[in-house]
There are 2 protein chains.
Amino acid sequence: MPAPGSSRAQPLTRAHVVDTALAILAGVGLPDLTMRAIGTELGVQQSALYHHFANKQALLGAVADEIIARGPRRISPPGDWQDRARQRCGDIRDAVTAYPDGADLVMSMWAFGMGGNAPFVELCDLLVEAGLTVEVAPTAARTLLHFVYGHAYDEQSHDHAARSGITFGQRAPTDFDTGVDIVIAGIKGLL
Amino acid sequence: MPAPGSSRAQPLTRAHVVDTALAILAGVGLPDLTMRAIGTELGVQQSALYHHFANKQALLGAVADEIIARGPRRISPPGDWQDRARQRCGDIRDAVTAYPDGADLVMSMWAFGMGGNAPFVELCDLLVEAGLTVEVAPTAARTLLHFVYGHAYDEQSHDHAARSGITFGQRAPTDFDTGVDIVIAGIKGLL
DNA sequence: ACCTGAACACCGTTCAAGT
DNA sequence: ACCTGAACACCGTTCAAGT
C-alpha cells in the first residue's frame, strides 16, 4: 500500500485501479467501495480515476470481469455435457461468492452489458457443443446463470442480514446443486 | 397531489407513503426515488418519513409488497400444476415489470427478507400441492423465482441501457416462456 | 404522537489549473 | 497525458425542538 501523498514513480493503470477496488471490496463490501476510498488507497485524488474510467459503472464493469477471471476454472472435465455444465456453474458461483456482494456486482454489470459476459459466452458454447441449436442455447445459458447469480445473491444478502441480527430459515447445503440439476434436467428436454 | 406546505387534515399513514413512493417510482425510477422526493410529493419533510418507517429499506420493502399486491393474479386456472405454475410466473413477471426497476426492487427486498415474499410462498404451496416434498419444494420455488426475477431484471436493465444508447442483441419474445418451461420441466423430474 | 428545521457525514462527477 | 484541488448538486439519517 503506497503511503498517501507519496509521489508515484509509475503512472496509474486501469489494472492497478481494479486491483485496489477488489481489495477494498474484499475488505468492506460494495456500499463502501467508493471512488474516494479507491483514490485514498491509491494515494490519489478521486477525480484522477476519471482519467482511466468514464465513470464508476465502467470501473465496476472491469471489477466484475476480474472477479470472474480470478475465479476457479476446472478444466477438461470427465463425463458428459451435463457434468461440464454443473462444474462450470459451480466455478462461477465460487468466483462471485469469493468477494462480498460479488454476485450483486457481477449480475448487475452483466445485465447492463458492462462486464462479466464471459460466463454467458462459455455456457453458450458448452450448450451448443452439447447439441442445442444456436437459437435456444443463449436462452438456456441465461436460465442457468439467472439461477446461479440469484442463488449466490440470496446467500450473500443473508450474510449481510445475519450481521444485522435478522435470521432466516436454514437452507440445505445441497440447495445450490439441486437447483442447478433442475435447470440442467430442463435443458436436457430441449435436445 | 397535496400542495407543498398545505397543512394536512389527516396524519400521514404508511399506505399513503407507499402510494406516493410507487407514483414516483413509476415516473422517475429507483435511483430518483429518494426520501426527499417522497417527502416533497407528500408536502412533508423527509425526516417525517422516519416516523412511519425505520429506514429507507423498510419503506422499500413495503413498496415491494405493494408492487406484488397490485400485480395481476389470474385465478382458478384450467389444466395441471405446470400450467398453473406457468401462469403464476407470468403474473409475477407482469407485476414487477409494471414499474421501472420493479424487478431489481422486489428481488433485492426478497433476498434481504424485507418484502416481496408472497410469490415464494404461493409457488411453494402450488408445488407441494403438485406432489413435491416439503423438503424440495422451496428449492424448486426459488429456482423458478430466480429465473423470473433475473429475466425481468435483465429486460429492465436493457431498457435503461437503450436510453443511454447502448444496444443489445435482439432477444426472442418467447425467451421468457422458454426459460420458464425449462425450469418447470426440470422440476417435473423431482416428482 | 407526529412533524419541522437544521445539521451531520457522506456520495458521484466536473473542471479549471497545474506539471 | 496525467493528476490536483475545489467545487457542485446531491444522498440517508439523526435529533432537538415545536405542536
Side-chain angles (χ1 to χ4, degrees), chain A residues 2-21 24-25 27-64 101 104-105 108-109 112 114-115 160 164, chain B residues 2-21 24-25 27-64 101 104-105 108-109 112 114-115 160 164:
Chain A
S6 71
S7 57
R8 286 167 310 287
Q10 319 248 17
L12 222 48
T13 64
R14 286 171 60 99
H16 201 158
V17 173
V18 171
D19 268 11
T20 303
I24 294 171
L25 181 66
V28 296
L30 196 53
D32 290 327
L33 179 57
T34 67
M35 298 300 267
R36 279 165 175 81
I38 299 169
T40 300
E41 185 65 31
L42 286 164
V44 112
Q45 292 279 358
Q46 67 266 31
S47 54
L49 302 172
Y50 290 87
H51 219 274
H52 301 273
F53 296 93
N55 48 43
K56 191 184 184 181
Q57 247 206 348
L59 196 163
L60 292 182
V63 171
D101 306 310
D104 186 359
L105 206 167
S108 314
M109 291 304 116
F112 266 85
M114 306 213 66
H160 276 206
S164 344
Chain B
S6 71
S7 57
R8 285 167 311 287
Q10 320 248 18
L12 222 47
T13 65
R14 285 172 60 101
H16 201 159
V17 173
V18 170
D19 268 10
T20 304
I24 294 172
L25 180 65
V28 297
L30 196 53
D32 290 327
L33 179 58
T34 67
M35 299 300 267
R36 278 165 177 82
I38 299 169
T40 299
E41 186 66 31
L42 285 165
V44 112
Q45 293 278 359
Q46 67 265 32
S47 54
L49 302 172
Y50 290 88
H51 219 274
H52 302 273
F53 296 92
N55 49 42
K56 190 182 185 184
Q57 248 206 349
L59 196 163
L60 292 182
V63 171
D101 306 311
D104 186 0
L105 206 167
S108 314
M109 290 305 116
F112 266 86
M114 305 212 67
H160 275 206
S164 346

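Throughout, a chain's letter reflects where its sequence line sits, starting with A, and its residues are numbered from 1.
- Between the P atom of dC15(D) and the CG atom of Leu49(B) lies a distance of 17 Å, rounded to the nearest Å.
- In this structure, Leu33(B) places its CG atom 11 Å from P of dC11(D), rounding to the nearest Å.
- Annotation: the span from Leu60(B) atom CG to Leu33(B) atom CG amounts to 6.0 Å, rounded to 0.5 Å.
- At dC3(C), none of the side-chain N or O atoms of Gln45(B) fall inside 4.0 Å of OP1 or OP2 (strictly under the cut-off).
- In this structure, CZ of Phe53(B) is placed 16 Å from C1' of dG12(D), rounded to the nearest angstrom.
- Nearest nucleotide to the side chain of Arg36(B), out of dC3(C), dC11(D), dG12(C): dC11(D).
- Rounding to whole angstrom units, CG of residue Leu30(B) and P of dG12(D) are separated by 10 Å.
- Residues passing the side-chain hydrogen bond (donor to acceptor under 3.5 Å, both in side chains) test with Asp19(A) are Arg70(A), sequence neighbours excluded.
- Between the CD atom of Gln46(A) and the C1' atom of dC8(D) there is a distance of 13 Å, rounded to whole Å.
- For the pair His51(A) and Ser47(A), nearest-nucleotide mapping onto DNA chain D gives the more 5' position to His51(A).
- Asp101(B) places no side-chain N or O within 3.5 Å of a backbone atom of Gly29(B) that could act as its donor or acceptor partner.
- Judged purely by atom type and a 3.5 angstrom limit, Arg36(B) has no side-chain atom pairing as donor or acceptor with the backbone of Gln46(B).
- Pairing of dA16(D), defined by two Watson-Crick or G-U wobble distances under 3.5 Å, is identified with dT4(C).
- Here the P atom of nucleotide dG12(D) and the CG atom of Leu59(B) are 10 Å apart, to the nearest Å.
- At a cut-off of 3.5 angstrom, the base of dG12(C) holds no donor-acceptor pair with the side chain of Thr34(A).
- Distances were taken from every side-chain heavy atom of Lys56(A) (C-beta onward) to each of dT13(D), dT4(C), dT13(C); the shortest belongs to dT13(C).
- Panel note: side chain Asn55(B), backbone Ala58(B); a donor-acceptor pair is recorded below 3.5 Å.
- Taking atom P on both dA9(D) and dA9(C), the two are 22 Å apart, rounded to the nearest angstrom.
- Residue Met35(A) contributes atom CE, which lies 20 Å from atom P of dA6(D) at whole-angstrom precision.
- For Tyr50(B) and dC15(D), the OH to P distance is 12 Å, given to the nearest whole Å.
- When the nearest nucleotides of DNA chain C are assigned to Gln57(A) and Ala48(B) by heavy-atom distance, the more 5′-ward of the two goes with Ala48(B).
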